[in-house]
Trainee: 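Here it is, the structure, as structure tokens.
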Amino acid sequence: MAAKPVIYVLNGPNLNLLGTREPEIYGSTTLDDIAGQLEDQALALGLSVDVRQSNHEGHLVDWLHEAQAMGAKAVILNAGAYTHTSVALLDAIKAVSVPVIEVHLSNPHRREAFRHTSYVGQAAHGTIAGFGALSYTLALDVAAKL
Ligand code: DQA
């Protein structure tokens, strides 16, 4: 049987603390909960997901390169605060041809001005933000259709 197309789901700094981190903004769902939901959803869509998290910018760059090398169908990327700072991530997304879907739990445009700039969004295929854990679910549905 052919291997299922894989979607990389990459999460940046502080997202390991989801569930307890500022729950009034990010909700009470943990990253493990989100990973479990995405695995079930992927199964139903005939896909597989590889969900990862790192607090280190370079890991996210390496994983974008890896997604390309491994022939991933798409990358769902919540780069956390690196969204707003990282030219390295912008360059990495431009350097690969795999489509990248930017996701955020919160809607950065409703928050502080420094969150209104997204380097990731300047190269991403599209962005889904503001729907809590549902942002990831929506992104996986989109990834399946790309
Ligand atoms: C976030 C929004 C970012 O501004 C913030 O730095 C995060 C989480 C979100 O998912 O809403 O760490 O990416």
Side-chain angles (χ1 to χ4, degrees), residues 5-45 47-70 72-146:
V6 63
I7 313 284
Y8 278 47
V9 183
L10 306 181
N11 295 279
N14 301 306
L15 293 168
N16 53 313
L17 298 181
L18 280 183
T20 55
R21 172 194 180 199
E22 298 184 274
E24 65 288 358
I25 296 174
Y26 298 116
S28 54
T29 309
T30 66
L31 192 56
D32 277 351
D33 293 336
I34 291 173
Q37 286 166 15
L38 291 176
E39 277 156 18
D40 291 347
Q41 187 186 349
L43 201 64
L45 290 167
L47 302 170
S48 68
V49 284
D50 189 334
V51 183
R52 303 181 189 183
Q53 187 276 333
S54 176
N55 294 323
H56 304 279
E57 187 176 11
H59 289 166
L60 298 169
V61 171
D62 288 344
W63 291 340
L64 281 160
H65 298 177
E66 183 190 309
Q68 167 91 355
M70 298 302 286
K73 182 174 164 61
V75 174
I76 295 171
L77 174 62
N78 184 351
Y82 291 139
T83 303
H84 317 298
T85 62
S86 179
V87 177
L89 279 177
L90 168 62
D91 285 349
I93 296 167
K94 282 184 169 168
V96 298
S97 55
V98 55
V100 173
I101 304 168
E102 177 186 18
V103 302
H104 300 286
L105 295 135
S106 66
N107 177 355
H109 294 286
R110 291 183 62 177
R111 302 180 62 194
E112 303 96 321
F114 66 84
R115 297 185 203 274
H116 298 178
T117 296
S118 171
Y119 286 98
V120 168
Q122 289 174 40
H125 207 83
T127 301
I128 300 170
F131 302 104
L134 195 54
S135 292
Y136 288 84
T137 308
L138 294 167
L140 188 53
D141 274 338
V142 170
K145 295 199 164 96
L146 288 177

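For ligands, and for the atoms within them, numbers begin at 1 and follow the listed sequence.
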Trainee: Donor-acceptor check, side chain of Asp33 to backbone of Thr30, threshold 3.5 angstrom: yes or no?
Mentor: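 Answer holds: yes.
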
Trainee: Got a donor-acceptor contact below 3.5 angstrom from the Asn55 side chain to the Asn14 backbone?
Mentor: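 It does hold such a pair.
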
Trainee: Is a donor on one side and an acceptor on the other found under 3.5 Å between the side chain of Gln122 and the backbone of Leu90?
Mentor: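 Not at all, since once roles are kept as given, no pair shorter than 3.5 Å links the two residues.
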
Trainee: Indicate the ring-plane relationship of His104 and His84, choosing parallel, tilted or perpendicular according to the 30° and 60° boundaries.
Mentor: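 Plane angle under 30°, so parallel.
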
Trainee: With heavy atoms under 4.0 Å as the rule, classify the contact between His104 and ligand 1 as side chain, backbone, both or neither.
Mentor: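 Within the 4.0 Å criterion, His104 contacts ligand 1 through backbone and side-chain atoms alike.
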
Trainee: Looking at atom 3 (C) of ligand 1, what's its closest protein heavy atom, distance included?
Mentor: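 Result for atom 3 (C) of ligand 1: His84 NE2, 3.5 Å.
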
Trainee: Using atom types as modelled and distance alone, determine if a side-chain donor or acceptor of Thr83 lies under 3.5 Å from a backbone N or O of Gly80.
Mentor: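 Indeed, once roles are kept as given, a pair shorter than 3.5 Å links the two residues.
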
Trainee: Just distances here: any N/O of Thr83 and N/O of ligand 1 closer than 3.5 Å?
Mentor: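 In this structure, Thr83 places no N or O atom under 3.5 Å from an N or O of ligand 1.
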
Trainee: Any nitrogen or oxygen of Ala81, main chain or side chain, under 3.5 Å from a nitrogen or oxygen of ligand 1?
Mentor: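 For ligand 1, there is an N or O atom that lies under 3.5 Å from one belonging to Ala81.
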
Trainee: Yes or no: does Asn78 have any heavy atom under 4.0 Å from an atom of ligand 1?
Mentor: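 Heavy atoms of Asn78 do come under 4.0 Å of ligand 1.
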
Trainee: Does ligand 1 come near enough to Leu105 that some N or O of the ligand is less than 3.5 Å from an N or O of the residue?
Mentor: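 Yes; the residue has a nitrogen or oxygen that sits under 3.5 Å from a nitrogen or oxygen of the ligand.
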
Trainee: Could you check whether atom OH of Tyr82 has more than 12 heavy atoms from other residues, nucleotides or ligands sitting under 6.0 Å from it?
Mentor: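 Result for OH/Tyr82: enclosed.
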
Trainee: What part of Ser106 sits under 4.0 Å from ligand 1 if we count only heavy atoms: the side chain, the backbone, both or neither?
Mentor: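 For Ser106, the contact with ligand 1 is made by both the backbone and the side chain.
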
Trainee: Considering only non-hydrogen protein atoms, determine which one is nearest to atom 6 (O) of ligand 1 and report residue, atom name and distance to 0.1 Å.
Mentor: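 Sorting protein heavy atoms by distance from atom 6 (O) of ligand 1 puts Arg115 NH1, 3.0 Å first.
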
Trainee: Is Arg21 in contact with ligand 1, taking contact as a heavy-atom separation below 4.0 Å?
Mentor: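 Distance cut 4.0 Å: Arg21 passes for ligand 1.
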
Trainee: By the definition side chain to side chain contact (heavy atoms under 4.5 Å, CB included), identify the one residue from Leu31, Leu18, Asn78, Leu60 that meets it with Gln53.
Mentor: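 In the set Leu31, Leu18, Asn78, Leu60, the residue that makes a side chain to side chain contact (heavy atoms under 4.5 Å, CB included) with Gln53 is Leu31.
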
